[in-house]
2 protein chains.
Amino acid sequence: MDKYLHVSFSALGDSTRLAVVERLLQGPASVSELAEPHAMALPAFTKHLGILERAGLIRSEKQGRVRTCFVQTPAIQAIDTWLAQRRALWASRYDNLDHLMSRLNGVKNDDPAI
Amino acid sequence: MDKYLHVSFSALGDSTRLAVVERLLQGPASVSELAEPHAMALPAFTKHLGILERAGLIRSEKQGRVRTCFVQTPAIQAIDTWLAQRRALWASRYDNLDHLMSRLNGVKNDDPAI
DNA sequence: AGATAACTTAACCATATGGATAAGTATCTG
DNA sequence: CAGATACTTATCCATATGGTTAAGTTATCT
């Protein structure tokens, strides 16, 4: 599970798909409801849904002619867990501050930014 | 910042790059140190570093002939914040459980939505 | 039954991605 | 100064990605 996290990240690495997941966090929706805000033809859009579904981020069920999609929270929770397990590390890594401080100290200050 | 989150996700959507970030969470490292565990030629590897750097997930500095890389925690924190802001939503979305229960109950229960 | 709605499938296309080699550029080390 | 180190830059290549249009396939509505 934790081993294929990059698949989840990859699925979220597209603005359309990220928006779909955000929308589904509000509740289930049909394919056309989900597609409506996105300026692209349906076949392109359903490909995105396929990628999200194969990544385990969403699930869908067809009833009659309408397919309803649901967010799959375990996959999102897996990302959250990954971050939580590393939070102690990135919370203590202030390499950036080191860098910033050396600049503020006037050392080879080529970028006055900030 | 929050608007380009998919760029961060995309950068982490590759096993090599995800591993690099995990490695850098332990502390800074040179390009060749980072490349060593990955079975690919250097040019391919440095492309990955470029993607991580453009996504703002890492930073690097060259001193002499060795380039040292650092994880950029703000980008990771942005992902964490995004999840935190939506945690209430995905923590309460038990569409999956609904689904499971309707099957166990043998009921054609399509959406009892809370 | 015929029309419409809600997808699906198929075929195609341009560009991006992830890799490889080969050769080049600084920067140490002896 | 002559290597050796540590990348860089430049090409190149196969496949994946994100999009298109056209033509199905099933439901549902009138």
Side-chain angles (χ1 to χ4, degrees), chain A residues 3-24 27-71 108 110, chain B residues 3-24 27-71 75 108 110-111:
Chain A
K3 204 131 189 234
Y4 303 107
L5 240 209
H6 70 276
V7 175
S8 296
F9 280 130
S10 180
L12 294 175
D14 172 280
S15 52
T16 299
R17 294 193 295 263
L18 188 53
V20 166
V21 169
E22 295 219 50
R23 164 64 188 78
L24 287 179
S30 71
V31 170
S32 38
E33 276 167 8
L34 290 172
E36 192 271 328
H38 304 281
M40 69 181 71
L42 247 202
F45 186 77
T46 55
K47 272 192 205 171
H48 285 301
L49 293 183
I51 289 170
L52 286 171
E53 195 154 13
R54 263 173 277 127
L57 284 159
I58 72 172
R59 174 177 59 82
S60 75
E61 250 171 61
K62 195 160 187 178
Q63 198 156 341
R65 56 183 172 172
V66 33
R67 174 175 298 280
T68 305
C69 301
F70 314 79
V71 73
K108 203 183 89 185
D110 43 39
Chain B
K3 205 131 187 233
Y4 303 107
L5 240 209
H6 69 277
V7 175
S8 297
F9 281 129
S10 181
L12 295 175
D14 174 278
S15 52
T16 299
R17 294 193 296 264
L18 187 53
V20 166
V21 169
E22 295 218 51
R23 164 63 188 78
L24 287 178
S30 71
V31 170
S32 38
E33 276 167 9
L34 290 173
E36 191 271 328
H38 303 281
M40 70 181 71
L42 245 203
F45 187 76
T46 56
K47 271 194 206 171
H48 285 301
L49 293 182
I51 289 170
L52 286 171
E53 194 154 13
R54 263 172 277 128
L57 285 159
I58 73 172
R59 173 176 59 81
S60 74
E61 252 170 58
K62 194 161 187 176
Q63 200 158 337
R65 56 184 170 170
V66 35
R67 175 175 297 280
T68 305
C69 301
F70 313 80
V71 73
K108 205 179 58 184
D110 38 75
D111 188 8

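Protein chains get the first letters and strands the later ones, always in sequence-line order, with residue 1 at the start of each.
The A:Pro43 side chain lies nearest to D:dT21 when the options are D:dT21, D:dG18, D:dA6. For B:Ala44, whose side chain is taken as the heavy atoms from C-beta onward, the closest listed nucleotide among D:dT8, C:dG19, C:dC7 is C:dG19. The side chain of B:Ile51 has C:dG18 as its nearest neighbour among D:dC7, C:dG18, C:dC7. Taking every side-chain heavy atom of A:Met40 into account, D:dG19 is the closest of C:dG18, D:dG19, D:dC7.
Using cut-offs of 30° and 60° on the angle between ring planes, the pair B:Phe45 and B:His48 is perpendicular.
For B:Ser30 and D:dC7, the shortest distance from a side-chain N or O to OP1 or OP2 is below 4.0 Å. Side-chain nitrogen and oxygen atoms of B:Arg65 include none within less than 4.0 Å of the OP1 or OP2 phosphate oxygen of D:dT8. Side-chain nitrogen and oxygen atoms of A:His48 include none within less than 4.0 Å of the OP1 or OP2 phosphate oxygen of D:dT17.
Nearest-nucleotide positions on DNA chain D for B:Ser32 and A:Ser10 put B:Ser32 closer to the 5' end. Of the two residues near DNA chain D, B:Thr46 and A:Thr16, the one whose nearest nucleotide lies more 5' is B:Thr46.
Separating the CZ atom of A:Phe45 from the P atom of C:dT8 is a distance of 12 Å, rounded to the nearest angstrom. Following rounding to the nearest Å, A:Arg67 (CZ) and C:dT9 (P) show an atom-to-atom distance of 9 Å. Atom CZ of A:Arg17 is separated from atom P of D:dG18 by 5 Å (rounded to the nearest Å). Taking atom NZ of residue B:Lys62 and atom C1' of nucleotide C:dT27, one finds them 9 Å apart after rounding to whole Å.
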Quick one: do B:Leu49 and B:Ser60 satisfy side chain to side chain contact (heavy atoms under 4.5 Å, CB included)? Show the steps, please.
-> CA-CA 9 Å; B:Leu49 293 182; B:Ser60 74; over 6 Å; no
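Not counting sequence neighbours, the partners of B:Thr46 by the side chain to side chain contact (heavy atoms under 4.5 Å, CB included) test are B:Val31, B:Leu42.
At the heavy-atom level, A:Lys47 lies under 4.0 Å from base atoms of the strands shown.
To the nearest 0.5 angstrom, A:Arg23 atom CZ is 14.5 Å from A:Leu18 atom CG.
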